[in-house]
**Student:** 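Encoded as structure tokens, here's the structure I'll be asking about.
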Amino acid sequence: MTTPTPETPAPSDFIREIIADDIKTGKHSRIVTRFPPEPNGYLHIGHAKAICIDFGTALEFSGECHLRMDDTNPAKETMEYVESIKNDVHWLGFDWGPHFYFSADYFERMVECACELIRKGKAYVCELTSEQWKDYRGIPTLPGKESPFRNRSADESLSLFAKMRAGEFPDGTLCVRAKIDMASPNLHMRDPVIYRIMRAAHYRTGDKWCIYPTYDYAHPLEDAFEGITHSLCTLEFEVHRPLYDWVLEQLAIAKRPRQIEFARLNITYTVLSKRKLLELVRDGYVKGWDDPRMPTLAGLRRRGYTPSAIRSFCQRVGVTKFDSFTDIALLEFCIREELNQTAPRFMAVLDPVKVVIENYPEEKVDWFDAVNNPEDPAAGTHRVPFSRELYIERADFREDSPKKYYRLAPGKEVRLRYGYFITCTGFTRDEATGQITEIRCTYDPATGGGNAPDGRKVKGTIHWVSAKHAVPAEVRIYDRLFNVEHPDDVPEGVDYKTNINPDSLKIGQALLEPELAALPRGTRCQFERKGYFMVDPLDSTPAHPVFNQIVPLKDSWAKAGTPQP
RNA sequence: UGCCGGAUGGUGUAAUGGUAGCACAGCAGAUUCUGAAUCUGCUUGUCUAGGUUCGAAUCCUAGUCCGGCAACCA
């Protein structure tokens with residue numbers, strides 16, 4: 001198994017403590033974990049947490065982690081999902097080596113185990129319909145009653161089970177139940193179904209089977225077959241643990257894996273349920289599983305998130321049994337933290353307004369050196385052209401000039417980054433729309449490159465592009481998909497989709513400095529003073545560059561509630 | 001009114017009977033050719049009530065609140 005470089009020294013948590021203890025006491029000499037997704041959807045950031053726990057702990061303890069498709073329900077599973085899962089786990093930075101498995105490959109062994117349970121009097125074929133079963137099962141506060149088929153002979157059950165497998169009964173008629181305890185306060189122990197009849201083509205086994213094991217029965221077996229030592233899963237399986245243990249006990253399996261549960265990830269302003277994500281894709285609320293607004297790994301990847309930033313996030317989130325809600329600001333922090341160190345800087349104007357430098361010659365062009373990354377001197381510099389007509393950000397000019405405002409305004413001087421100091425001498429406005437159409441300035445020829453020989457300071461530095469060198473590009477500005485912290489938190493009868501943010505995608509035309517327009521697909525960079533962007537890996541072409549905003553830069557000026565003086 | 005689990009600042013997470021710490025967020029200031037980054041400082045917390053103890057977030061008792069569980073889903 002290969003490893004991503006650890007972001008920080010190994011964290012500790014209650015699961016790692018258990019494992020460390022198991023090694024110390026000699027219970028296990030080598031640990032084996034597994035990540036067992038059902039291939040019925042794309043992996044999302046919640047899975048990333050589980051992957052980091054499953055693969056991460058195995059790695060730290062020099063063990064191994066298996067990737068297993070938990071495909072016991074053919075109705076919802078497809079090969080497309082299998083491929084996407086493998087791709088995403090790999091992309092995140094983890095490697096399962098030769099340990100890639102399918103539950104479906106264990107079906108034969110599982111049937112043998114079921115027969116053994118029947119022979120031992122621990123399971124039986126039941127003919128109650130699921131409707132009827134509701135009465136027998138009882139409710140949490142009252143015990144259930146036993147199925148009339150519960151005490152039929154093992155031989156009879158065995159024979160019926162064989163016929164079930166042979167396809168002699170319609171879907172949903174007979175089933176195999178574990179014989180446990182109809183009075184158990186834990187509903188999962190009231191003779192749960194372990195095999196059901198379901199005629200559905202399985203993406204891996206085709207039409208070979210018409211009976212399929214249920215999760216509760218299959219999972220402990222798969223874990224045992226693979227020699228898993230620690231079976232890590234989310235909290236909702238906690239009440240299933242007695243059943244997990246029961247199955248392994250009845251079959252007298254010597255080396256029994258231990259199931260340990262941790263809290264699943266929740267993040268503000270997003271939903272992390274496969275059902276809902278599928279709905280967003282299927283009903284066109286987003287443009288696919290890899291829509292950059294989606295919390296799927298495919299979406300985050302397309303957006304420009306890095307595997308290491310996601311791993312860093314998962315580590316910062318921690319591992320506990322407390323059902324928590326993590327602030328999406330933490331995820332944004334993680335990607336900014338990394339990109340600040342690694343992303344080259346360029347200038348791009350997203351909402352352009354023209355500036356004319358009145359005292360700058362018509363045909364002249366200056367080429368200035370721009371630092372690629374102030375955090376990394378080794379990244380070098382690149383050249384940026386300056387000429388008489390420029391574009392600056394509309395928001396970097398105001399007619400009035402409130403206190404603490406140090407961008408461009410009539411009579412005020414600012415620095416054009418890496419260029420000259422300019423002073424605004426006037427502007428024209430379209431009277432019909434009220435929009436500023438052109439800003440007039442003069443420049444100080446002594447300030448080339450952005451430094452004043454007389455040592456005078458300007459408080460404001462703004463970015464710009466030379467009009468005649470500017471390259472137009474499409475920019476996609478993404479915002480959170482939901483406009484409330486807890487999109488799922490809706491009153492009875494209200495759908496979570498009413499919380500969808502209608503402005504989660506804004507497409508604009510930006511003007512880029514020439515070098516920026518030449519970056520290859522998939523390149524991450526910073527638009528100075530705006531944010532981190534990535535050249536879209538699919539849609540961008542040299543003739544039509546497309547940039548996705550990964551995350552904006554923090555903006556304390558905007559936060560100060562600025563627009564108002 | 002059943003079973004299982006959980007409760008530490010706004011959020012997430014440490015402290016395993018001995019000074020409640022870290023991160024994110026927020027707020028101030030310094031610095032800055034990115035109102036970014038960086039640096040400094042600050043605000044805010046042990047669910048409640050009893051008990052054990054020299055000493056309790058931690059142990060005990062009783063409550064309160066929150067989450068999960070009644071698919072032939074996983």
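In what follows, chains are A, B, ... by sequence order, proteins preceding strands, each numbered from 1. The model shown is predicted, which means the values in this text are computed figures rather than measured ones.
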**Student:** Does Leu330(A) reach a base, just sugar-phosphate, or nothing at all? Heavy atoms under 4.0 Å.
**Tutor:**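 Sugar-phosphate contact only.
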
**Student:** Considering only the P atoms, how many Å lie between A71(B) and G63(B), rounded to the nearest integer?
**Tutor:**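 About 30 Å, rounded to a whole number of Å.
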
**Student:** Does Trp209(A) have Arg199(A) sitting over its ring (NZ/CZ under 6.0 Å from centre, angle to axis within 45°)?
**Tutor:**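 Negative - Arg199(A) is either too far from the ring of Trp209(A) or too far off its axis.
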
**Student:** Rounded to whole Å, how long is the line connecting atom CG of Leu553(A) with atom P of U32(B)?
**Tutor:**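 Rounding to the nearest Å, CG of Leu553(A) and P of U32(B) are 19 Å apart.
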
**Student:** Any ion pair linking Arg241(A) and Glu261(A) (charged N to carboxylate O, less than 4.0 Å)?
**Tutor:**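 Between Arg241(A) and Glu261(A) there is a salt bridge, with a charged N closer than 4.0 Å to a carboxylate O.
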
**Student:** Assess Arg398(A) against Tyr405(A): is NZ or CZ under 6.0 Å from the centre of the six-membered ring, and within 45 degrees of the ring's axis?
**Tutor:**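 Pair Arg398(A)/Tyr405(A) counts as cation-pi.
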
**Student:** Tell me if A71(B) is syn or anti. Syn = glycosidic torsion within 90° of 0, anti otherwise.
**Tutor:**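 Chi for A71(B) falls in the syn range.
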
**Student:** Partners of Asp488(A) by salt bridge (Lys or Arg N to Asp or Glu O under 4.0 Å), sequence neighbours excluded?
**Tutor:**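 Applying salt bridge (Lys or Arg N to Asp or Glu O under 4.0 Å) to Asp488(A) gives Lys276(A).
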
**Student:** Is Phe262(A) close to Asp13(A) at the side-chain level, that is, under 4.5 Å between some pair of heavy atoms?
**Tutor:**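 Contact flag for Asp13(A)/Phe262(A) side chains = no.
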
**Student:** What about Glu375(A): does its side chain form a donor-acceptor pair under 3.5 Å with the base of U38(B)?
**Tutor:**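 Side chain to base: no pair below 3.5 Å.
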
**Student:** Take atom C1' in U34(B) and the same atom in C65(B), then report the distance between them in whole Å.
**Tutor:**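 To the nearest whole Å, 47 Å.
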
**Student:** Atom CG of Leu142(A) to atom P of C3(B): distance rounded to whole Å?
**Tutor:**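 Distance, rounded to whole Å: 13 Å.
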
**Student:** Looking at U32(B), does its base get a donor-acceptor pair with the side chain of Lys457(A) below 3.5 Å?
**Tutor:**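 Counting by modelled atom types and ignoring angles, no donor-acceptor contact under 3.5 Å is found here.
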
**Student:** Can you tell me which nucleotide in U8(B), G35(B), A37(B) comes closest to the side chain of Asn340(A)?
**Tutor:**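 The answer is A37(B).
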
**Student:** With the sugar-phosphate defined as primed atoms, P, OP1 and OP2, and the base as all remaining atoms, what B/S/- string results for nucleotides 69-74 of chain B, 5' to 3', for protein heavy atoms under 4.0 Å?
**Tutor:** SBSBBB

**Student:** Heavy atoms only, 4.0 Å cut-off, all strands: where does Arg316(A) land among base, sugar-phosphate and nothing?
**Tutor:**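 Counting heavy atoms under 4.0 Å across all strands, the contact made by Arg316(A) is with sugar-phosphate only.
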
**Student:** In dot-bracket form, 5' to 3', how is RNA chain B paired? Count Watson-Crick and G-U wobble pairs only if both distances fall under 3.5 Å, and write | where the partner sits on another strand.
**Tutor:** .((((((..((((....[..)))).(((((.......)))))....(((((..]....))))))))))).....

**Student:** Between the side chains of Glu222(A) and Ser103(A), is a donor N or O closer than 3.5 angstrom to an acceptor N or O?
**Tutor:**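 A donor-acceptor contact under 3.5 Å links the two side chains.
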
**Student:** Could you check whether the side chain of Arg345(A) and the base of U34(B) have a donor-acceptor pair of N or O atoms closer than 3.5 Å, going by distance alone?
**Tutor:**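 Side chain to base: pair present.
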
**Student:** Taking any heavy-atom pair under 4.0 Å as a contact, classify Pro192(A): base, sugar-phosphate, or nothing.
**Tutor:**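 Since no nucleic acid heavy atom lies under 4.0 Å of Pro192(A), the category is nothing.
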
**Student:** Salt-bridge test for Arg152(A) and Glu127(A): reply yes if a basic N is under 4.0 Å from a carboxylate O, no otherwise.
**Tutor:**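 Answer for the salt bridge query: yes.
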
